[in-house]
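Encoded as structure tokens, the structure appears first; notes follow it.
The figures that follow rest on heavy atoms only: side chains count, while hydrogens, waters and symmetry mates do not. Index from 1, following the sequence. We count ligands from 1, going down the list as the structure has it; atoms in each ligand are counted the same way.
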Amino acid sequence: MDLFADLAAPAMQHIGAQALLLRGMALDRAGALLQALAHVQAQAPFRHMHTPGGRVMSVALTNCGGQGWISDRYGYRYSSVDPGTGQPWPAMPAVLAQLACEAAAEAGFDGFSPDACLINRYVPGARLSLHQDRDERDLNAPIVSVSLGMTATFLFGGHARTDRLQRWDLSHGDVLVWGGQDRLRYHGVLPLRDHAHPVVGRQRINFTLRKAG
Ligand code: MD6
Ligand code: FE
């Protein structure tokens with residue numbers, strides 16, 4: 001029995017007018033999500049892509065769904081094929097599309113039907129610098145982010161790079177939705193602190209679901 005259950009962080013927190021943090025929403029599906037990830041990874045392995053500036057990203061990535069987010073010296077964009085294999089990205093597992101649709105609906109975005117799921121893998125020290133997501137054609141659709149494994153600090157800023165940053169710890173099973181007037185807010189992830197997760201080990205997996213095409 002958890003005597004302090006009432007003192008725990010609320011299950012749902014608005015971190016912006018149209019940004020909702022759903023604590024633990026993916027917990028009951030974590031096993032199925034990891035199984036789906038193993039299936040995707042077998043066809044499209046994690047790899048470190050180059051930024052347009054010529055650096056190697058500290059985060060390793062793969063994708064599933066009709067469109068996959070890629071980065072190389074020519075820029076950031078979506079591609080229907082995996083540049084590593086020349087094959088289409090693995091199909092979007094139903095468990096991911098379903099979770100994203102439910103989470104988006106909780107945040108007031110009904111009918112979210114993602115065609116792209118970027119999967120990021122962070123190891124201790126890996127980070128994602130502050131950016132806006134503006135490579136998608138339809139900016140009316142929200143972004144749904146699902147975290148598994150080690151806890152990371154997510155930075156949520158404003159519409160200017162220099163706006164004040166909120167810090168939110170995203171843990172195993174947390175789901176974050178942002179869209180509408182919050183869709184283009186700057187965000188990033190601080191370098192991952194080292195602490196093994198009991199189920200997922202020394203890594204953080206983040207699924208980012210979007211409507212890209
Ligand atoms: C995350 N990823 O990994 C959040 N956005 O927790 C992103 O915000 C992101 O990895 C645009 C393009 C690539 C990304
Ligand atoms: Fe992003």
Side-chain angles (χ1 to χ4, degrees), residues 15-16 18-23 25-26 33 37 40 44 46-53 55-65 67-72 74-79 82-83 89 96 99-100 103 114-139 141-159 161 163 165-180 182-193 197 200 203-213:
I15 71 167
Q18 291 186 283
L20 188 63
L21 175 51
L22 298 145
R23 293 275 186 209
M25 184 182 182
L33 291 169
L37 172 62
V40 168
F46 280 109
R47 79 294 304 264
H48 291 272
M49 288 190 170
H50 285 79
T51 66
R55 293 170 181 272
V56 176
M57 293 181 69
S58 61
V59 172
L61 69 80
T62 184
N63 288 279
C64 60
Q67 299 290 322
W69 185 87
I70 61 171
S71 175
D72 59 21
Y74 304 107
Y76 307 119
R77 64 194 176 280
Y78 282 91
S79 169
D82 178 344
W89 297 103
L96 264 172
L99 173 61
D115 61 2
C117 178
L118 167 66
I119 311 173
N120 284 327
R121 185 178 65 195
Y122 296 72
V123 295
R127 62 190 287 269
L128 195 67
S129 52
L130 210 58
H131 66 276
Q132 292 172 297
D133 286 13
R134 40 165 79 255
D135 301 321
E136 299 75 28
R137 196 167 297 156
D138 178 10
L139 295 178
I143 296 167
V144 176
S145 151
V146 179
S147 296
L148 294 179
M150 294 163 71
T151 298
T153 303
F154 181 77
L155 301 173
F156 199 45
H159 287 87
R161 186 177 282 280
D163 285 350
L165 300 171
Q166 301 177 26
R167 291 168 176 234
W168 296 95
D169 274 353
L170 299 182
S171 296
H172 185 68
D174 289 349
V175 181
L176 179 60
V177 184
W178 70 100
D182 292 325
R183 177 66 179 69
L184 287 174
R185 285 173 68 166
Y186 276 88
H187 57 279
V189 179
L190 286 183
L192 194 65
R193 297 175 299 272
H197 184 271
V200 186
Q203 57 177 341
R204 168 180 190 251
I205 302 292
N206 181 263
F207 303 89
T208 305
L209 294 111
R210 309 189 184 89
K211 183 109 187 107

With a 4.0 Å heavy-atom cut-off (strictly under), which part of [X] contacts ligand 1: side chain, backbone, both or neither?
X      : answer
Arg210 : side chain
Leu118 : side chain
Glu136 : neither
Leu128 : side chain
Tyr76  : neither
Tyr122 : side chain

Next item on the list: Flag Arg204 as yes when one of its N or O atoms lies below 3.5 Å from any N or O atom of ligand 1, and as no otherwise.
Entry: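 Yes - when backbone and side-chain N and O of Arg204 are compared with those of ligand 1, one distance drops under 3.5 Å.
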Margin query: If I apply the N/O under 3.5 Å rule, does Trp178 come out as touching ligand 1?
Written below: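 In this structure, Trp178 places no N or O atom under 3.5 Å from an N or O of ligand 1.
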Next item on the list: Tell me which protein heavy atom sits closest to atom 8 (O) of ligand 1, plus the residue, atom name and distance to 0.1 Å.
Entry: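 Looking only at protein heavy atoms, the one closest to atom 8 (O) of ligand 1 is His187 NE2, 3.0 Å.
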Measuring only between side-chain heavy atoms, which start at C-beta, is [X] closer than 4.5 Å to [Y]?
X      : Y      : answer
Met25  : Leu20  : no
Phe156 : Arg185 : yes
Cys64  : Leu96  : yes
Tyr78  : Asn63  : no

Provide the atom name of the closest N, O or S atom of [X] relative to the Fe ion (ligand 2).
X      : result
Asp133 : OD1
His187 : NE2
His131 : NE2

Notebook entry, point to check: Any Lys/Arg nitrogen of Asp72 or Arg77 sitting under 4.0 Å from an Asp/Glu carboxylate oxygen of the other?
Noted result: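 Arg77 and Asp72: salt-bridged.
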Next item on the list: Output yes when Asp115 and Arg137 qualify as a salt bridge under the 4.0 Å nitrogen-oxygen rule, no when they do not.
Entry: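 Looking at Arg137 together with Asp115, the answer is no, because their closest N to O distance does not fall below 4.0 Å.
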Distance filter under 4.0 Å to [X] heavy atoms, resulting ligand 1 atoms:
X      : value
Asn120 : 1 (C), 2 (N), 3 (O), 10 (O), 14 (C)
Asp133 : 5 (N), 11 (C)
His131 : 5 (N), 7 (C), 8 (O), 9 (C), 11 (C)

Notebook entry, point to check: Out of Asp174, Asn206, Ile205, which residue meets the side-chain contact (heavy atoms from CB on, under 4.5 Å) rule with Leu148?
Noted result: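 Exactly one option meets the side-chain contact (heavy atoms from CB on, under 4.5 Å) with Leu148, and it is Ile205.
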Margin query: Tell me which one of Arg167, Arg193, Arg127 satisfies side-chain hydrogen bond (donor to acceptor under 3.5 Å, both in side chains) with Thr153.
Written below: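 The passing option is Arg193.
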Check: Would you say the side-chain atoms of Trp89 pair up with the backbone N or O of Ser79, donor to acceptor, closer than 3.5 Å?
Finding: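 Such a contact is found between Trp89 side chain and Ser79 backbone.
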Next item on the list: Anything under 30° is parallel, anything over 60° is perpendicular, the rest tilted; go ahead and classify His187 against Trp178.
Entry: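 Judged by the thresholds at 30° and 60°, the geometry between His187 and Trp178 is perpendicular.
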